Amino acid sequence: MAIEFTKYHGLGNDFILIDNRSSSTPRLTPEQAVNLCDRHFGIGANGVIFALPGTKDTDYTMRIYNSDGSEPEMCGNGIRCLAGFLAELEGMSRTQDRYRIHTLAGVMTPQLTEDGQIRVDMGLPHLLAGEIPTTLAAADAKVINQPLEVAGQSWDVTCVSMGNPHCITFVDDVAAISLESIGPQFEHHPVFPQRTNTEFIQVVSRDYVKMRVWERGAGITLACGTGACAALVAGVLTEKCDRRAIVELPGGTLEIEWSEIDQRVYMTGPAERVFTGKI
């Protein structure tokens, strides 16, 4: 079987994009996706994204397999890459500069802008423990600055779901965090029944933060769009950040806004095509 693909990245968070519009079932199995994501024996990526037909009220459907074969509900950098890929599939005419995309986390709406950036309506953040999910608090309570014991240390964590679970902790220096050892212990902590993404945040100013991330199912990545959104929400909840801020990640920066008007989170950032091929 030959598969045509396009490689995209959003701030270094890289994906293999597959045109899957002819079927509502992904053309690859999770095991095949793992092989393609291998950076030595495959193409190399953090995940494989499939562009599937939309539902009755959406233009397309997004499915994604992580590099470990698991399937996340959503991916912020991935949906920007998908929007760029869809524009390419439509002949680069960008006749429709806004897409309604069905995901396992709900409907997301990326919009391609004239300056080449992509602004995504990421929807409402979910703040209750039962929605995230986590057992750090009662199901109908928020988790804000709750102590969590990880790696023999107590961390103050705030939990947010952007359709997928995030655990955010604020630190003095993100560069000093040993992600390789600490990240997996957060991800697999028993208080997170569906595992979790973990963001370590250093506040430079109320409108500028630095972030490093351990992604559920992918490990250390250069960027995480939903994580940047969750981090900004956590910063507002803990009174450390304004409602609009620049989030600096190892791969670049994102502009995140938690609107005071409609309470929705908006993410703006790039998506770059790397190369196309057939495997």
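These values consider heavy atoms only, across backbone and side chains, with no hydrogens, waters or symmetry-generated copies. Numbering starts at 1 and runs along the sequence shown. All figures in this text were calculated on a predicted structure; none of them were measured in a lab.
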### Task
List the steps and the verdict of salt bridge (charged side-chain N to carboxylate O under 4.0 Å, His left out) for Lys7 and Asp14.
CA-CA 7 Å; Lys7 177 85 174 281; Asp14 56 345; 3.4 Å; yes
Does a salt bridge link [X] with [Y], judged by any charged N lying under 4.0 Å from a carboxylate O?
X      : Y      : value
Glu187 : Arg195 : yes
Arg244 : Glu260 : no
Arg264 : Asp121 : yes

### Message
Could you go through Gln202 and Tyr208, starting from their C-alpha distance and side-chain angles, then the distance that decides it, and tell me whether this counts as side-chain hydrogen bond (donor to acceptor under 3.5 Å, both in side chains)?
### Response
CA-CA 9 Å; Gln202 176 184 339; Tyr208 198 102; over 6 Å; no
### Task
Give a yes-or-no answer on whether the side chains of Tyr266 and Gln111 include a donor-acceptor pair shorter than 3.5 Å.
no
### Task
For the residue pair Gln117 and Thr268, confirm or rule out a side-chain donor-acceptor distance under 3.5 Å.
no
### Query
Counting heavy atoms not belonging to Gln185, are there more than 12 under 6.0 Å from its CD?
yes
### Task
Before giving the answer on ring pair (Phe, Tyr, Trp, His ring centres under 6.0 Å), spell out for Phe50 and Tyr65 the whole-Å C-alpha distance, their side-chain angles and the decisive distance to 0.1 Å.
CA-CA 9 Å; Phe50 304 89; Tyr65 293 144; 5.4 Å; yes
#### Entry: Residues that Asp156 engages under salt bridge (charged side-chain N to carboxylate O under 4.0 Å, His left out), provided they are two or more places apart
none
Validation row: [X], [Y] side chains within 4.5 angstrom (heavy atoms):
X      : Y      : value
Leu89  : Leu86  : yes
Leu148 : Ser154 : no
Ile43  : Phe275 : yes
Arg63  : Ile49  : no
Glu199 : Arg212 : no
Glu257 : Arg243 : no
Pro110 : Arg80  : no
Lys142 : Cys159 : no

Donor-acceptor under 3.5 Å ([X] side chain, [Y] main chain):
X      : Y      : result
Asp173 : Ala175 : yes
Asn20  : Ser23  : yes
Ser181 : Ser178 : yes
Trp258 : Gln263 : yes
Tyr8   : Ala271 : no
Thr58  : Gly54  : no
Thr198 : Trp214 : no
Asp38  : Phe41  : yes
Arg100 : Met108 : no
Thr221 : Ala223 : yes

### Message
Between Val174 and Ile201, is there shared hydrophobic-cluster membership here, with clusters defined by ILVMFWY side-chain heavy atoms closer than 4.5 Å?
### Response
no
### Query
Taking a hydrophobic cluster as the set of Ile, Leu, Val, Met, Phe, Trp and Tyr residues connected by side-chain heavy atoms closer than 4.5 Å, whether directly or through intermediates, do Ile144 and Val236 fall within one such cluster?
yes
### Task
Let me see the working for Glu73 and Arg216 under salt bridge (charged side-chain N to carboxylate O under 4.0 Å, His left out), right down to the final yes or no.
CA-CA 11 Å; Glu73 298 86 352; Arg216 178 186 61 165; 2.6 Å; yes
### Query
With sequence neighbours left out, what residues match Phe200 under ring-ring contact (aromatic ring centres under 6.0 Å, His included)?
Trp155, Phe186
### Message
So, using ring-ring contact (aromatic ring centres under 6.0 Å, His included) as the criterion, who are the partners of Phe192 when residues are at least two apart?
### Response
none
### Query
Which pair of heavy atoms, one from Ser70 and one from Pro72, lies closest together, and at what distance?
O-CD, 3.6 Å
### Query
Is NZ or CZ of Lys278 both nearer than 6.0 Å to the six-membered ring centre of Phe5 and within 45° of the ring axis?
no
What pairs with [X] under side chain to side chain donor-acceptor pair (under 3.5 Å), at least two apart in sequence or on another chain?
X      : value
Asp19  : Arg21
Thr226 : Asn164, His166
Ser259 : Asp262

### Message
To the closest 0.5 Å, what do you measure between CD1 (Ile101) and CG (Leu52)?
### Response
11.0 Å
